[in-house]
Amino acid sequence: MLSKLLSSQIIIYHCILFFSFSLSVNYFVDLEIINYLAYVCFHLTLIYLFFYFFHFSHIFVTFLYAIFFDIFLVDSISPHLITFLAFVVLFYFTKKYLFNLSSSNVSYIIFILTLIMFISEALIANLQFNYPINFENFLWIFITFIIIFYPTLVVFSKIDKL
């Protein structure tokens with residue numbers, strides 16, 4: 001059990017999570033695209049990690065990342081926490097059905113879930129804290145997501161073969 005948790009792939013994914021988290025919460029004024037890339041990469045990595053390497057210890061890690069995202073980005077605790085933990089519960093209860101899908105269907109599900117995650121975070125922040133939805137930023141996140149989705153999955157498949 002512990003050897004599965006400490007496999008090289010999972011360590012690499014956690015390093016990607018930490019690196020992308022660090023870049024997305026540090027605001028680069030001149031290079032906003034780096035923030036968008038890191039934010040999208042974090043969400044993709046998190047969903048991919050849960051989809052293929054689900055373990056109960058990831059719930060605690062997700063909880064910590066969600067709390068820190070909320071503190072650094074929204075100054076209140078709720079939008080990321082609710083969204084991340086809702087998706088953890090969703091994966092936990094549907095993982096036995098999701099493993100029977102083809103790789104292309106899994107890619108579509110990861111794509112749709114990531115978009116739903118972005119939208120739900122923005123809506124929860126807006127509803128609970130009147131945090132304005134900046135459609136320009138949301139558009140940049142969406143465009144960045146569209147551009148890096150397939151290359152990210154290719155990189156993740158290469159990591160899985162280690």
Side-chain angles (χ1 to χ4, degrees), residues 5-6 9-95 98 106-107 109-153 155-156 159:
L5 266 180
L6 296 176
Q9 294 108 345
I10 294 177
I11 291 173
I12 291 171
Y13 288 123
H14 282 288
C15 289
I16 292 170
L17 281 175
F18 181 74
F19 184 71
S20 59
F21 170 79
S22 300
L23 284 177
S24 62
V25 296
N26 291 319
Y27 188 70
F28 297 108
V29 176
D30 294 334
L31 301 171
E32 284 186 32
I33 191 69
I34 291 177
N35 295 104
Y36 296 131
L37 283 169
Y39 191 72
V40 168
C41 184
F42 179 88
H43 285 77
L44 277 172
T45 307
L46 187 70
I47 290 175
Y48 191 87
L49 183 68
F50 276 132
F51 199 90
Y52 288 109
F53 301 100
F54 183 81
H55 191 271
F56 283 106
S57 65
H58 293 137
I59 296 171
F60 178 69
V61 171
T62 303
F63 177 79
L64 289 177
Y65 277 125
I67 293 287
F68 288 127
F69 259 126
D70 285 337
I71 289 171
F72 288 123
L73 297 179
V74 186
D75 292 332
S76 298
I77 295 176
S78 181
H80 289 91
L81 183 63
I82 291 171
T83 305
F84 286 1
L85 293 181
F87 278 93
V88 169
V89 170
L90 176 75
F91 275 115
Y92 177 71
F93 287 118
T94 61
K95 71 178 179 178
L98 296 174
V106 169
S107 299
I109 289 174
I110 291 172
F111 184 86
I112 291 168
L113 286 177
T114 308
L115 286 178
I116 291 172
M117 188 178 276
F118 291 141
I119 293 168
S120 63
E121 288 169 1
L123 288 176
I124 291 171
N126 187 342
L127 293 174
Q128 285 187 332
F129 306 113
N130 290 331
Y131 195 81
I133 297 175
N134 188 338
F135 289 105
E136 183 180 344
N137 288 346
F138 199 73
L139 180 67
W140 274 107
I141 288 172
F142 181 72
I143 291 170
T144 306
F145 172 67
I146 296 295
I147 292 171
I148 74 165
F149 177 72
Y150 183 72
T152 304
L153 289 183
V155 168
F156 288 166
I159 292 172

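Values in this document were obtained by computation on a predicted structure and should not be read as measured data.
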**Q** What is the distance from atom CD1 of I71 to atom CD1 of I77, rounded to the nearest 0.5 Å?
**A** 4.5 Å
**Q** Please tabulate, for side-chain N and O atoms in residues 137-146, each donor-acceptor pair with protein atoms closer than 3.5 Å (sequence neighbours left out).
**A**
{"residue": "N137", "atom": "OD1", "partner": "Y36", "partner atom": "OH", "Å": "2.6"}
{"residue": "T144", "atom": "OG1", "partner": "W140", "partner atom": "O", "Å": "2.6"}

**Q** Applying side-chain contact (heavy atoms from CB on, under 4.5 Å) to I110 and F149, what does each step give before you reach the verdict?
**A** CA-CA 9 Å; I110 291 172; F149 177 72; 3.9 Å; yes
**Q** Rounded to the nearest 0.5 Å, how far does CZ of F42 lie from CZ of F69?
**A** 4.5 Å
**Q** Distance check, rounded to the nearest 0.5 Å: C41 atom SG versus L46 atom CG?
**A** 11.0 Å
**Q** Answer yes if the ring centres of Y13 and F156 are under 6.0 angstrom apart, and no otherwise.
**A** yes
**Q** Does a side-chain heavy-atom distance below 4.5 Å link M117 with F84?
**A** yes
**Q** Under 3.5 Å, which donor-acceptor pairs link side chains of residues 121-132 to any protein atom two or more places apart or in another chain?
**A**
{"residue": "E121", "atom": "OE1", "partner": "Y39", "partner atom": "OH", "Å": "2.5"}
{"residue": "E121", "atom": "OE1", "partner": "H43", "partner atom": "NE2", "Å": "3.3"}
{"residue": "E121", "atom": "OE1", "partner": "H80", "partner atom": "NE2", "Å": "3.4"}
{"residue": "E121", "atom": "OE2", "partner": "H43", "partner atom": "NE2", "Å": "2.8"}
{"residue": "Q128", "atom": "OE1", "partner": "S78", "partner atom": "OG", "Å": "2.3"}
{"residue": "Q128", "atom": "NE2", "partner": "S78", "partner atom": "OG", "Å": "3.4"}
{"residue": "Y131", "atom": "OH", "partner": "L73", "partner atom": "O", "Å": "3.4"}

**Q** Kindly determine whether V106 and Y52 satisfy side-chain contact (heavy atoms from CB on, under 4.5 Å), including the steps that lead there.
**A** CA-CA 10 Å; V106 169; Y52 288 109; 3.0 Å; yes
**Q** Where the side chain of D70 meets the backbone of L81, is there a donor-acceptor pair that is under 3.5 Å apart?
**A** yes
**Q** Flag the pair I16 / I159 as yes when at least one side-chain heavy-atom distance between them is below 4.5 Å, and no otherwise.
**A** yes
**Q** With sequence neighbours excluded, what pairs up with F72 under the side-chain contact (heavy atoms from CB on, under 4.5 Å) test?
**A** F21, V25, F68
**Q** Check side chain to side chain donor-acceptor pair (under 3.5 Å) between Y48 and all other residues, then give those that pass, not counting sequence neighbours.
**A** D160
**Q** Ring pair (Phe, Tyr, Trp, His ring centres under 6.0 Å) with F56: which residues, sequence neighbours excluded?
**A** F54, Y92
**Q** Would you say H58's side chain and H55's backbone share a donor-acceptor pair under 3.5 angstrom?
**A** yes
**Q** By side-chain contact (heavy atoms from CB on, under 4.5 Å), which residues pair with L113, not counting sequence neighbours?
**A** I47, F87, L90, F91, I109
**Q** Measuring from atom CG of L49 to atom OG1 of T62, what distance do you get when rounded to the nearest 0.5 angstrom?
**A** 7.5 Å
**Q** Nearest 0.5 Å please: distance from the CG atom of L37 over to the OG1 atom of T152.
**A** 8.5 Å
**Q** To the closest 0.5 Å, what do you measure between CD1 (I34) and CG (L23)?
**A** 7.0 Å
**Q** Ignoring hydrogens, what is the shortest heavy-atom contact between A38 and S24? Give both atom names and the distance.
**A** CB-N, 3.6 Å
**Q** Closest approach of S22 and N26, non-hydrogen atoms and distance?
**A** O-ND2, 2.8 Å
